*Asks:* 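Below: one structure in structure tokens.
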Amino acid sequence: MTGRQVENDKTMELRGLQTPIHKHHKFNEVRNMIHSSGPAPSPIQTDTHAANATEAPTYLATQQTLGQRFALRCHKSINRVFLRFMGARATFLRAAATNDVLLIRRMVSEHPSAHGWVTSYRVEDKLDDAAAKAVANGKTDALVILLEHGACPNEALIGRNFCIPPKRMFFDERGRRRQHHVTDKLTPETVRILLNNIHICPDATIRLGDSWGHYLYFTAKELINSNSGHKNREEICKMLVSHDQVNVNTEISFYDTGAFALSSKVDNQSFYRHPRSTFINVNFIGQTLMFDNFGLTEHLLTDQTLDLDPGLPSGTGAAENLLVIFMDKYSKGYFRKLNDRFDILLTALKDKITNSDAFRNQLLASENKLFKQQFLTLFAIEHQCRHAPSPTDFQHLNCDQLNDEILDIFMNMSYETPPDYHLLYPNPPPSYD
């Protein structure tokens, strides 16, 4: 090898080393310029933020998708082992909980065996339990397949055969918290699927234990409403009450010293008990106020498609307790967080009450002066202020005087003022001169 060839090889080697070092050096300069504490040029700064804003969510979404796929693949492998050692029915429930759609389809349909015989896993009696499992785990794909093969949507909605809590529903042994029910696992997606099923009955009864050996009878909307910690409570309840088979004028009967009454923040001693009943009765609109679901309260009062009547069910004391709960919340300042929305709620409640024949008839026939005083107090409220009206402002009136005041309110709220003479006769009548 000649000296000139050695020199050329060294030159090429140096050039090959210098190129990446040069690029790396330039990259560090740009990176330091962008991330330095000093002010960077605006075009570079804007482009950098834009790139970060678009690339990060895409990468995160990809990672989540890959993670979900990996988890499902692991569940499928475990389910096959489960089927071999634990039996078909236990595996069927696990397949519903893990969204293993292929295994569910295989198990609910007959298929030929290795010997040519047609066999079945005979899991038809577990369809309802599996649907409840899918709902409890938010597995919409599995839920759709199970409903297609005959699972009862009502069982999945109320969880009758799955995860029923013990007798004392609302408090544990120390009386501290509400126990969980399968309805607490409902999501807007699973509820939408169930409500679209032609066999759904959203007002199916849920029987649960209160304290003192007393049982309460809920509908799904009432049980979900009673869980203040449910993150989708308002949305799911709105979906339920908008269904054409749901009665928004249901009620719950309970003891004022029971766990259900104590689980709310209402003074349980202030509840009205009807003379012919040993229980407290609160209708659904009253329950939304009772558990601070004010968004649902406003929806019930303002949605004209809902047949809400605040006086129903009549003759149970539910109308009285509606005002008791409202005044309790108002006096304690719970409505202050609503700000301007309180005016909407207040106006809508007044409008619903004055247009309810059931409420008016009970109010006028009642011998309970507090009921009448609270009604007058409600219509004396204009907005949240320090000097708010109270029932004591009307204690000097007897029942007849209270009824006169009440009738005046109904007359003013229910009927429009007579039209002006000029509106009746746009053209002046002919003169008789």
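Reckoned from all heavy atoms, side chains included, excluding hydrogens, waters and symmetry mates. Quick note: residue numbers are just sequence positions, from 1. This structure is a prediction, so every number in the text was calculated from the model and none was measured.
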*Asks:* Just by distance, do the side chain of H149 and the backbone of I145 share a donor-acceptor pair under 3.5 Å?
*Replies:*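 Indeed, once roles are kept as given, a pair shorter than 3.5 Å links the two residues.
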*Asks:* Distance to the ring centre below 6.0 angstrom and angle to the axis at most 45 degrees; does that hold for K221 and F284?
*Replies:* yes
*Asks:* If you measure from NZ on K238 to CG on D303, what distance do you get to the nearest 0.5 Å?
*Replies:* 9.5 Å
*Asks:* Distance from I193 atom CD1 to I200 atom CD1, nearest 0.5 Å?
*Replies:*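 One finds 11.5 Å between CD1 of I193 and CD1 of I200.
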*Asks:* Scan T377, L378, L323 and name whichever one has a side-chain contact (heavy atoms from CB on, under 4.5 Å) with P391.
*Replies:*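 Among T377, L378, L323, the one meeting side-chain contact (heavy atoms from CB on, under 4.5 Å) with P391 is T377.
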*Asks:* Roughly how far apart are L349 CG and L300 CG, rounded to 0.5 Å?
*Replies:* 11.0 Å
*Asks:* When you check the gap from the basic side-chain N to the acidic O, do K329 and D292 get nearer than 4.0 Å?
*Replies:* yes
*Asks:* Are the side chain of N268 and the backbone N or O of A261 linked by a donor-acceptor pair below 3.5 Å?
*Replies:* no
*Asks:* Name the residue from F218, Y255, Y217 that meets the ring-ring contact (aromatic ring centres under 6.0 Å, His included) definition with F260.
*Replies:*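 Passing option: F218.
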*Asks:* Check the angle between the aromatic planes of F379 and F375 and answer parallel, tilted or perpendicular using the 30° and 60° thresholds.
*Replies:*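 Tilted.
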*Asks:* Apply the test side-chain hydrogen bond (donor to acceptor under 3.5 Å, both in side chains) to residues N293 and N225: give CA-CA distance (whole Å), side-chain angles for both, the deciding distance (0.1 Å), then the verdict.
*Replies:* CA-CA 7 Å; N293 198 352; N225 173 72; 3.1 Å; yes
*Asks:* For K133, is there an ion pair with D129 - N to carboxylate O distance below 4.0 angstrom?
*Replies:* no
*Asks:* Roughly how far, to the nearest 0.5 Å, is CG of N283 from OG1 of T250?
*Replies:* 8.0 Å
